[in-house]
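Letters A, B, ... mirror the listed sequences (proteins, then strands); counts begin at 1. Only heavy atoms go into these numbers, but all of them, side chains included; no hydrogens, no water, no symmetry mates.
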2 protein chains.
Amino acid sequence: DIVEALNTHFPSRALEGLRLVITAGPTREAIDPVRFIGNHSSGKMGFALARAAIEAGATVTLVAGPVHLDTPERATRIDVESARDMLSACHSACHQADIFIACAAVADYRPVTVADHKLKKQGDSGLTIELTQNPDIVATISKEFPSLYTVGFAAETQHVLEHAREKRIRKQLDLIIANDVGNDAVFGQDHNSVIIIGSELELHLPEASKLDVARTCINELAKEYRRTH
Amino acid sequence: DIVEALNTHFPSRALEGLRLVITAGPTREAIDPVRFIGNHSSGKMGFALARAAIEAGATVTLVAGPVHLDTPERATRIDVESARDMLSACHSACHQADIFIACAAVADYRPVTVADHKLKKQGDSGLTIELTQNPDIVATISKEFPSLYTVGFAAETQHVLEHAREKRIRKQLDLIIANDVGNDAVFGQDHNSVIIIGSELELHLPEASKLDVARTCINELAKEYRRTH
């Protein structure tokens, strides 16, 4: 439509000259050669943020878990599977970045051991999988690159604001974008409604398409970044 | 190419008048509202079998786990998530079927309990997931519909023939189609090489596209079916 055409052809260029690293999609943690622990993230929100950031003049590196989405025009895409792969890719990319947006739904846990062969059923008995915590990507990057402007996402199914505010402070993030993923409300859907939370900011965005939400997030992020840099 | 054109325009109609139920893709077993245990099956082989069976004149119901594939022309598609959903859909569909092909990579195990809310990290500690066995779809269907011609798949990473032969007998299948899924050889790939095993049959097919392998499997299956019915 006309608004979209104007946004595309007369973008605000609010991020002109800035280099962003954006993570998107799920991660997969191998159990054995065929099985994994995954999550329902489609990657749509992270890809929309990449597109919106590029429209706003940024140079974007998109670190993507396994998703079925086309790479936004002019983005540099790095495909990864596991949380540790994603951290490693982000670590390399963030040396050259001004802003890091961690939108991926990273697995908190991975199996302690990965079987070499497909696990075979043993009689009728059950099975126990021991999990260990994955590194926290956004907290790790924020700590290792103190001057990098870091933005996290908080996907919560309850006490959304409370959990998001606590995470922003604990992980030392400049901004956190919170949303409620209970009841299939967000993952895989085309619409989203979020709350942008900063040290002096709490902005509730109305529900809109993920691309429109992404454009608003990028504009607000750019304002906050310019205000503090 | 010409062979494909001939196959499409002058199909053998080897399954004319027969009703097939075919399962395809992975299943997903929920851990909580956002996490699941999945596997790397793309659904390509099951979808290729559906297409080949339709070319051969069959009426096809395709019971599909979560995949990113277009429905073959003229197939009736039923989308499911978990192994129990898939069994339930197969159970309904097989009342009206002559042949059942279980090509899906069904999860052997599911979490004993599914959390209502996204599991939150607890300090730095690990986590244990207790799993219980899922129903065996092809064995259950074979037992409940003794006159249904049942075809299973055996995706193995070692001792392929041995495991497949044992499975065919234990699960009371008419045919089993075995392949080696070690080292990313099959899942998600466009090519496949399989062994068709029956009571008096052991046919090693050369590596070919999944659609060509599917067409050969459907032709051999039709011959075996006609020989015994």
Side-chain angles (χ1 to χ4, degrees), chain A residues 26-42 66-69 81 105 107-112 115-134 136 154-160 163 166-167 170 180-188, chain B residues 26-42 66-69 81 105 107-112 115-134 136 154-160 163 166-167 170 180-188:
Chain A
T27 66
R28 285 180 178 170
E29 308 300 326
I31 297 171
D32 65 23
V34 295
R35 300 181 180 90
F36 59 82
I37 297 177
N39 68 62
H40 290 291
S41 169
S42 64
V67 296
H68 288 84
L69 295 172
E81 286 269 330
D108 291 335
Y109 295 92
R110 68 174 183 277
V112 172
D116 284 341
H117 296 290
K118 184 185 169 194
L119 297 172
K120 311 267 317 161
K121 277 192 284 194
Q122 304 292 335
D124 294 329
S125 62
L127 192 70
T128 299
I129 302 182
E130 299 289 343
L131 305 177
T132 186
Q133 286 197 20
N134 269 326
D136 184 317
E156 305 287 347
T157 53
Q158 52 184 352
H159 309 302
V160 176
H163 284 149
E166 181 273 323
K167 270 187 189 172
R170 176 167 45 84
D180 186 338
V181 298
N183 306 312
D184 295 331
V186 176
F187 279 12
Chain B
T27 65
R28 286 180 177 171
E29 308 299 325
I31 297 172
D32 66 22
V34 295
R35 298 181 180 90
F36 58 83
I37 297 177
N39 67 63
H40 291 291
S41 169
S42 65
V67 296
H68 288 84
L69 294 172
E81 287 269 330
D108 291 335
Y109 296 92
R110 67 173 183 277
V112 173
D116 284 342
H117 297 290
K118 184 185 171 194
L119 297 172
K120 312 263 323 158
K121 276 193 284 193
Q122 304 292 333
D124 295 328
S125 62
L127 191 70
T128 299
I129 303 182
E130 298 289 342
L131 305 177
T132 186
Q133 286 196 20
N134 269 326
D136 184 316
E156 306 288 347
T157 51
Q158 51 184 353
H159 308 304
V160 177
H163 284 149
E166 181 274 323
K167 270 188 189 169
R170 176 167 45 85
D180 187 337
V181 297
N183 307 313
D184 294 331
V186 175
F187 280 11

What part of Y109(A) is in contact with chain B, defined as an atom under 4.5 angstrom from a non-hydrogen atom: side chain, backbone, both or neither? side chain

Between H163(B), R35(B), E29(B), Q133(B), which has the largest tally of heavy atom pairs under 4.5 Å with chain A? Q133(B)

Parallel, tilted or perpendicular: rings of H40(B) and F36(A) (30°, 60°): tilted

Heavy-atom pairs under 4.5 Å with chain B are the metric here; pick the option from P26(A), G126(A), G38(A) that has the most. G38(A)

Checking heavy atoms, do the side chain of Q158(B), its backbone, both or neither come under 4.5 Å from chain A? side chain

Ranked by heavy-atom pairs below 4.5 Å to chain A, first place among D108(B), I31(B), L127(B) goes to L127(B)

Separation between CG of L131(A) and OG1 of T128(B), rounded to the nearest 0.5 Å: 7.0 Å

